[in-house]
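Numbers restart at 1 for each chain; the letters A, B, ... are given by sequence-line order, proteins then strands.
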Protein chains: 2
Amino acid sequence: MKKVTINSVASHAGVSKKTVSRVLNNEPNVSAATREKVLAVFKELDYTPNPIARGLAQNRSFIIGCLYDNPSKSYITRVQTGALEACKENNYNLLIHPCEFRGEALINNIEQLLQTSRLDGIVLTPPFGDFAELASFLKSKKIPYARVASALLQDDSISVRSNDEQGAFEITEHLINLGHKSIAFIKGHPDHSATQQRFKGYRRSLASHGIEFDERLVEEGNFSYHSGVDSARSILDLSPRPTAVFASNDYMAAAVLKLATQRQLKVPDDISIAGFDNAPIARHIWPGLTTIAQPVEEMTKQAVTQLISHIAQPQEQPYQVTLESRLITRESTSAIK
Amino acid sequence: MKKVTINSVASHAGVSKKTVSRVLNNEPNVSAATREKVLAVFKELDYTPNPIARGLAQNRSFIIGCLYDNPSKSYITRVQTGALEACKENNYNLLIHPCEFRGEALINNIEQLLQTSRLDGIVLTPPFGDFAELASFLKSKKIPYARVASALLQDDSISVRSNDEQGAFEITEHLINLGHKSIAFIKGHPDHSATQQRFKGYRRSLASHGIEFDERLVEEGNFSYHSGVDSARSILDLSPRPTAVFASNDYMAAAVLKLATQRQLKVPDDISIAGFDNAPIARHIWPGLTTIAQPVEEMTKQAVTQLISHIAQPQEQPYQVTLESRLITRESTSAIK
DNA sequence: TGACATTATGACACCGGTGTCAGGAATTTA
DNA sequence: TAAATTCCTGACACCGGTGTCATAATGTCA
């Protein structure tokens with residue numbers, strides 16, 4: 001079984017390799033008869049073009065890179081799933097590149113990545129989408145990129161996000177409507193734009209009900225489970241204890257739940273807990289977490305799809321979309337007694 | 001800023017491109033003086049070889065594919081982490097390829113993958129490592145592969161695993177030593193070789209203590225949280241109720257815990273629960289799950305490292321290694337009252 | 001110091017595609 | 001029906017590396 005290349009197809013079909021290339025790329029100026037003949041040989045020889053050779057000729061790799069630095073494994077896999085769907089549909093492949101967000105080394109790290117892999121484009125997942133230096137670096141290198149779940153910017157970048165502020169507003173409304181007035185809040189990682197957004201939504205809801213904002217109820221987390229434990233400790237030690245806790249993601253909410261349970265508190269009877277993201281853990285624990293579901297896969301899929309079409313046709317308009325999130329109520333929140 | 005290629009380096013250094021290539025690949029037969037000169041130009045021009053061109057010339061892609069079909073997102077990310085470490089050290093990149101294990105389509109799917117990405121090698125994660133047809137297909141295509149966490153085979157494949165049978169034995173011993181005699185068992189997915197191994201370890205421990213095996217205590221799961229819920233229901237409905245449950249992974253164990261808690265059972269006072277894998281959820285819930293920790297990252301890293309060196313030097317011996325797992329006791333198991 | 005082995009280097013083809021351009025065939029227009 | 005236009009097609013260079021082989025330079029030994 002020897003290799004089938006464009007040359008073997010060409011000689012088999014009795015045409016030049018250029019003509020085969022034309023058929024391959026659906027270029028015009030090929031007679032119907034010739035096209036048929038070549039296509040038949042494709043089938044007969046079971047030919048698939050070599051993407052590496054194609055890449056060399058066109059200076060493309062047909063690979064998209066996915067950057068992330070996120071403690072939530074479920075979030076990462078959701079991002080990957082969405083990105084993979086888009087790649088599959090466009091015959092691209094996905095290269096994953098976890099790397100540390102902080103530090104001087106980041107830009108060097110990315111530069112190295114670009115030099116060794118010749119990516120055609122990059123998806124920036126939180127918090128990378130909000131890092132202006134990185135964006136301008138990529139621009140200077142002429143590497144197309146797309147931002148997922150990052151802040152809305154008035155620029156020409158591809159960006160797909162969901163409305164974190166609104167989601168946080170709705171879940172706080174849900175708690176307030178259940179009668180809660182003393183609602184603690186655990187912030188996310190300061191590098192993530194979602195952190196500010198969710199905090200804003202929380203405050204907007206309080207304000208719209210005339211509930212005074214109390215900063216003693218606010219803890220600084222960083223989206224990790226561990227930070228949730230620390231924050232939970234401070235919150236549960238408060239006196240009077242808040243009747244509800246809204247954590248900026250489900251891992252931190254799960255940490256609050258664990259600590260509360262350890263302390264013999266009944267959830268939601270003694271304290272209501274709400275999270276954000278609808279991570280798997282939200283339904284794997286008892287009581288299940290009330291949370292906000294975001295279409296992470298869909299966001300990433302759209303972003304990558306746009307990125308790929310931008311690579312093919314760079315003159316397009318910026319694609320900036322905000323998708324809907326939705327409230328999911330489970331057992332961890334209930335009306336105040 | 002125009003592109004730096006081997007040609008620009010060559011003309012800059014006043015040597016032929018072949019000599020540059022020799023320096024690049026640390027080939028012999030280059031005088032020290034020439035080598036120095038070329039290396040200096042590398043630095044001066046900030047040259048990095050184009051992996052695509054190199055790939056075309058050598059018919060390699062410098063990409064390893066990672067196959068998986070696993071409901072556990074944390075397992076997937078651990079596998080990815082290990083694989084990425086090995087890739088990084090060897091200037092390889094990782095392509096992820098989730099796909100359905102079942103069905104005729106699998107081989108076609110993989111064939112397609114190989115044709116469109118020209119992978120240099122493939123890591124087979126559970127359950128793919130145990131699928132003989134796939135292994136022989138890859139052999140026929142001459143694609144090197146490595147098996148992670150799969151059954152021990154008397155063949156020449158690269159394989160890194162941990163001892164599932166022994167792990168299951170130890171955790172069952174732990175329960176028995178706590179005084180449990182009626183220990184329910186939830187099996188994993190039948191396609192995974194670990195499923196049989198863990199079951200074997202469970203039975204060996206029972207037998208070694210003269211506890212009669214009771215198949216009414218055994219439920220068929222499939223490693224998913226959902227299957228754990230179903231199994232838990234059957235187990236908790238048994239009368240007399242077993243005093244302990246050993247689930248073949250932590251997700252199913254978490255499901256048992258959730259259902260037990262919903263039913264007002266105290267864990268571990270009323271029933272002890274043990275899992276397997278030391279997934280994040282094992283420590284994110286209360287009570288934390290007693291479980292078996294396996295070095296998944298390390299297994300995958302070793303497998304990929306071996307795979308890459310095998311690609312470079314195909315004449316090596318089969319590399320078959322079994323790594324140690326270890327028991328982690330948390331709050332979900334306690335002595336029988 | 002001459003014969004021979006070894007080392008260093010470059011010319012050139014090649015990997016498998018795509019881009020450019022020239023020229024013949026087919027079609028349209030006058 | 002001749003001229004002008006458009007459509008097809010292939011020759012050839014090129015993308016940026018590596019492999020082969022010939023030859024020049026150097027080293028070794030008698």
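Looking at B:N70 and B:S72, their side chains never bring a donor and an acceptor atom within 3.5 Å of each other.
Within the model, atoms OG of B:S157 and NZ of B:K139 stand 6.5 Å from one another, a figure rounded to the nearest 0.5 Å. Of the inter-residue distances, the one linking A:N109 atom CG with A:C99 atom SG reads 5.0 Å to the nearest 0.5 angstrom.
Backbone-only contact: A:V15 has heavy atoms under 4.0 Å from sugar-phosphate atoms and none from a base.
Listed nucleotides: D:dT9, C:dT7, C:dG19. Nearest to the side chain of A:N29: D:dT9.
An OP1 or OP2 oxygen of D:dC8 is reached within less than 4.0 angstrom by no side-chain nitrogen or oxygen of A:T34. Residue A:T19 places at least one side-chain N or O under 4.0 Å from the OP1 or OP2 atom of D:dG10. Between A:S31 and D:dT9 there is a side-chain polar atom (N or O) within less than 4.0 angstrom of OP1 or OP2.
Each of B:E85, B:E297, B:E298 was evaluated against B:R78; a single residue qualifies, B:E297, per the salt bridge (Lys or Arg N to Asp or Glu O under 4.0 Å) test. The only member of A:R161, A:K301, A:Q302, A:M299 that meets side chain to side chain contact (heavy atoms under 4.5 Å, CB included) when paired with A:V148 is A:M299.
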Can you check each nucleotide of nucleotides 12-17 of chain D against protein heavy atoms at under 4.0 Å and return B for base, S for sugar-phosphate only, - for none, in 5' to 3' order?
---BBB
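If you check distances only, the side chain of B:R22 does reach the base of C:dG10 with a donor-acceptor pair under 3.5 Å.
When each of B:G14 and A:E27 is assigned the nucleotide of DNA chain C bearing its nearest heavy atom, the one mapping closer to the 5' terminus is B:G14.
Aromatic rings from A:Y68 and A:F128 are positioned such that their centres are separated by 6.0 Å or more.
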